[in-house]
Q: 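Below is one structure. I have some questions about it.
Numbers here are sequence positions counted from 1.
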Amino acid sequence: MTFPLPDALIAALPGLDRLNIAIWFFDMRQQHIVWANRSALQLWDAPDLTALQERDFVVHDEAGRIRLSLYRAAFAEGRSVAESWILYPHGRPLSVHCHCSQLDPAWPDLMKVEASPQVGEADTLRSVEMLRHVREMVSLYDENGVVLMRNPAAAVALPKSEGDALLACLQDEKLLNELRMAAMESRGVRRIVDVHLADGSVARHQLQLFMVNDPASGESAMLISQHDVSDREKLLQLQRERSEELQSILDALPLPMLISEIDSGRIRYANRLAIELYGMWLGSSSEFIPTSASLYEHAADRKRFMDILLHQGQVIDFQTSLRDREQRRFDASLTGCLIDYRGIPCVLASILNISNILQREHALESALQNQRELAEMQGRFVSMVSHEYRTPLAVIDGIAQRMLRQPERFQGEQLRPRAQRLRDMVKHMVGLADSVLTLTRLEEGQLDIQRGPVRLVPLLTELVEQSQDVYPDCQIDLDFSADEVLEVDGDAELLHVVFSNLISNAIKYSPRWQRLALSCSAQEGLVCVTVRDWGVGIPLDEQDKLFTRFFRASTAQGIPGSGIGLALVKELVLRHGGEISVSSREDEGSVFTVLLPRSPAA
């Protein structure tokens, strides 16, 4: 025993233990059983007191807490409480009749319970237990308003009266008579009224009143269930006021706004702009009931919008595609929130046309991407040009230093190869600078093309001979038809630059095979020139950038180059009204094809 019982009671415990009625003492503060006799142990199906005390008797529900407060109030007035309980000693419900009283005024928290099992129908037991646990106030009155029964929630909240307790609640005899008459004329009455509570306050309650027969006497009785709706009434009133204020604001906004029902999507309100842009006319003469779903180009977008809205309570910047009153598609940004519109759950949504914004964003993003690529390529170009200039400058500097240190050794014929070497280095540097300047002048429209008849076979033959003089180990095959006049109308000097670049690139990027194949032929008003190598090749995903200024393929790493040759070639070919294309596979070589308009005279 954890509770210090009075000595007189301790002496009486053996006698109580032999009684056939179940008796136990319950500590209402600590919420556990202090002592129980043998009959109580049998009722609880416990082997001994210790095992019973180890069970959890803590009240976890609102109905249990209300019941304890009723016991305390009754004990404070010197009254005892007799009522039916539902226990679960065997895991199955057991209905018992309990007489609860205060054990001793000196121990206000100690309650004595005398219990005896009672037989009842299962439905009756369930009904009684249900009424005890519901938070809604349920009362049964006779025709004179006298209380026949109240559940714990009603017993705590409603005023007590020996006479007409219902009139004590309403304090309006006319209203009470109206409710009684309405209940007798129909199956039930529902009304929101002012109710006076036990603590003297007044609250707004929703009452449901039914005329029934008292199960105990068979006489007519009134069954009333009620719950407090004061906060809800205030909230609804506030929402109504705010809805009216909101509607006036929405009508003045320069932004299309819609209010639609959550479930059906029916448009309940559209401001001026929404009506003008989307045809949401809501007049009573309209046979068509517009819905928010009709705005969406894709029905799945509305479902996604509603899923997010119901989950988060609001949606900001939901981008989708809508259609205006002319069924023209446009990109839109939706912002929405949940509201109560005239008692109906609705969605308030604003619509912003962002088609122009997205177009500008895409254009800006494309420009920025081009700028980033250009900056990256320019960086690589500067690095490559620096490398290209460093080597010939180092050669020039080395020759100059040796000539300064030993001038007597560089006389006559000994000076000639050094001078030629210096000229070759300078020519290489000048050629690189000329390529850059030529491409820049082309793009700026400052380079004039001096057109005239140009025979391609002699031009290509000259380039092949020059290349073989420089690269004697390289095998270059030139294939053409001797019977055809392969003549184009163009600038011979610029075409020389085109094919010189293609041939030198083919040699430069064929370090292992050292083999090239050129062909020249006529095709329906065009002259086709192909330059094929069996070199390192170009990755497929890089070929679309091949003719971009400063771009170099990943397979060109370690091979000198500036990345402007092919850009210059393409620009010159286009200025001649021709086309250039490439077909390549990594490690298998490349084929460059140039198509130029054939000369009319030819």
Q: Does any non-hydrogen side-chain atom of Leu13 lie less than 4.5 Å from one of Phe25?
A: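 Of all side-chain heavy-atom pairs linking Leu13 with Phe25, at least one is under 4.5 Å.
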
Q: Take atom CG of Asp263 as the centre, draw a 6.0 Å sphere, and report whether it contains more than 12 heavy atoms from other residues, nucleotides or ligands.
A: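 Open.
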
Q: When rounded to the nearest 0.5 angstrom, what is the spacing between OG in Ser80 and CD in Gln102?
A: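 Reported value, rounded in 0.5 Å steps: 11.0 Å.
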
Q: When you compare the side chain of Trp35 with that of Leu16, does any pair of heavy atoms fall below 4.5 Å?
A: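 Leu16 reaches Trp35 side chain to side chain.
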
Q: To check you understand the geometry: which heavy-atom pair defines the closest contact between Arg55 and Asp45, and what is its length?
A: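 Nearest pair, atom of Arg55 first, then Asp45: NH2-O, 2.9 Å.
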
Q: Donor-acceptor pair, Asp194 side chain versus Gln171 backbone, under 3.5 Å?
A: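 Flag not set: sc Asp194 to bb Gln171 has no pair under 3.5 Å.
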
Q: If you look only at pairs with a residue in residues 137-151, which of them pass as a side-chain hydrogen bond (donor to acceptor under 3.5 Å, both in side chains), with sequence neighbours excluded?
A: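 For residues 137-151: Tyr141-Arg150, Glu143-Ser220.
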
Q: Among all residues two or more places apart in sequence or in another chain, which pass the ring-ring contact (aromatic ring centres under 6.0 Å, His included) test with Trp85?
A: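 For Trp85, no residue satisfies ring-ring contact (aromatic ring centres under 6.0 Å, His included) once neighbours in sequence are set aside.
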
Q: Can you pull the side-chain hydrogen bond (donor to acceptor under 3.5 Å, both in side chains) pairs that have at least one residue in residues 305-323, sequence neighbours excluded?
A: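 Of all non-adjacent pairs touching residues 305-323, those that pass side-chain hydrogen bond (donor to acceptor under 3.5 Å, both in side chains) are Glu297-Arg323, Asp301-Thr320, Lys303-Asp307, Asp317-Ser333, Ser321-Arg329.
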
Q: When you look at Leu207 and Val195, which way does the side-chain contact (heavy atoms from CB on, under 4.5 Å) test go after all the steps?
A: CA-CA 10 Å; Leu207 269 64; Val195 174; 4.0 Å; yes

Q: Could you go step by step and tell me if Asp164 and Arg180 meet the salt bridge (charged side-chain N to carboxylate O under 4.0 Å, His left out) rule?
A: CA-CA 13 Å; Asp164 193 339; Arg180 283 173 173 161; 3.7 Å; yes

Q: With a 4.5 Å heavy-atom cut-off, do Ile262 and Leu309 have their side chains touching?
A: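 No - every pair of side-chain heavy atoms lies 4.5 Å or more apart.
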
Q: Give the C-alpha distance, both sets of side-chain angles, the deciding distance and a yes or no for salt bridge (charged side-chain N to carboxylate O under 4.0 Å, His left out) between Asp231 and Arg204.
A: CA-CA 9 Å; Asp231 293 338; Arg204 294 282 286 176; over 6 Å; no

Q: Heavy atoms, side chains only, cut-off 4.5 Å: are Val147 and Leu158 in contact?
A: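 No - every pair of side-chain heavy atoms lies 4.5 Å or more apart.
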
Q: Less than 4.5 Å apart, side chain to side chain, heavy atoms only: is that true for Trp24 and Leu49?
A: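 No - every pair of side-chain heavy atoms lies 4.5 Å or more apart.
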
Q: For Val212 and Leu140, what are the C-alpha separation, side-chain angles and deciding distance, and is it a side-chain contact (heavy atoms from CB on, under 4.5 Å)?
A: CA-CA 9 Å; Val212 299; Leu140 185 65; 3.9 Å; yes

Q: State plainly whether the residues Glu77 and Arg79 are in salt-bridge range, i.e. N to O under 4.0 Å.
A: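 A salt bridge links Glu77 with Arg79.
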
Q: Taking all heavy atoms of Gln31 and all of Val59, pick out the closest pair and write down the distance.
A: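 Distance-wise, the nearest heavy atoms are OE1-N, 2.6 Å.
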
Q: Under a 3.5 Å distance rule, please check whether Asp214 uses its side chain to pair with a backbone N or O of Ala221 as donor and acceptor.
A: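 Such a contact is absent between Asp214 side chain and Ala221 backbone.
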
Q: How many angstroms lie between atom CD1 of Ile23 and atom CG of Leu43, to the nearest 0.5 angstrom?
A: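 Reported to 0.5 Å precision, the distance equals 12.0 Å.
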
Q: So does Asp331 get a backbone contact from the side chain of Ser355, meaning a donor-acceptor N/O pair under 3.5 Å?
A: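 Yes.
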
Q: With a 4.5 Å heavy-atom cut-off, do Leu338 and Leu310 have their side chains touching?
A: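 Yes, side chains in contact.
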
Q: Nearest 0.5 Å, please: how far is CG in Leu223 from CE in Met149?
A: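 One finds 10.0 Å between CE of Met149 and CG of Leu223.
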
Q: Taking the inter-plane angle between the rings of Phe57 and Trp44 on a 0 to 90° scale, is it parallel (under 30°), tilted (30 to 60°) or perpendicular (over 60°)?
A: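 Ring orientation of Phe57 relative to Trp44: perpendicular.
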
Q: Quick check for you: to the nearest 0.5 Å, what is the distance between Gln208 atom CD and Phe210 atom CZ?
A: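 One finds 5.0 Å between CD of Gln208 and CZ of Phe210.
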
Q: Per the salt bridge (Lys or Arg N to Asp or Glu O under 4.0 Å) rule, what does the pair list look like for residues 11-26, sequence neighbours excluded?
A: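 Salt bridge (Lys or Arg N to Asp or Glu O under 4.0 Å) check on residues 11-26 returns Asp17-Arg38.
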
Q: Step by step, work out the side chain to side chain donor-acceptor pair (under 3.5 Å) result for Glu114 and His99.
A: CA-CA 5 Å; Glu114 300 178 16; His99 184 274; 5.0 Å; no

Q: Give a yes or no on this: more than 12 heavy atoms of other residues, nucleotides or ligands lie within 6.0 Å of atom CZ of Arg135.
A: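 No, CZ of Arg135 has 12 or fewer neighbouring heavy atoms, counting only those of other groups under 6.0 Å.
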
Q: Going by ring-ring contact (aromatic ring centres under 6.0 Å, His included), name the residues that satisfy it together with Phe547, two or more places apart in sequence or in a different chain.
A: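 Phe547 satisfies ring-ring contact (aromatic ring centres under 6.0 Å, His included) with no residue once adjacent residues are dropped.
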
Q: Suppose we screen for side chain to side chain contact (heavy atoms under 4.5 Å, CB included). Which residues come up paired with Ala76, at least two apart in sequence or across chains?
A: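 In terms of side chain to side chain contact (heavy atoms under 4.5 Å, CB included), with neighbours along the sequence ignored, Ala76 is linked to no residue.
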
Q: Which value, rounded to the nearest 0.5 Å, describes the distance between Ile308 atom CD1 and Ile316 atom CD1?
A: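 One gets 11.5 Å once the value is rounded to the nearest 0.5 Å.
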
Q: Is it true that atom CD of Gln327 has more than 12 heavy atoms of other residues, nucleotides or ligands lying nearer than 6.0 Å?
A: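 Yes, enclosed.
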
Q: What are the two closest non-hydrogen atoms of Leu170 and Leu179, and how far apart are they?
A: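 For Leu170 and Leu179, the tightest heavy-atom pair comes out as CD1-CD1, 3.9 Å.
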
Q: For a 4.5 angstrom cut-off between non-hydrogen side-chain atoms, does Ile351 reach Leu258?
A: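 Result yes, sub-4.5 Å side-chain heavy-atom pair found.
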
Q: Does the side chain of Arg360 come within less than 4.5 Å of Ile357's, by heavy atoms?
A: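 Yes, their side chains come closer than 4.5 Å.
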
Q: How long is the gap from CG on Asn20 to OG on Ser116, to the nearest 0.5 Å?
A: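 Going from CG on Asn20 over to OG on Ser116, the span is 12.0 Å.
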
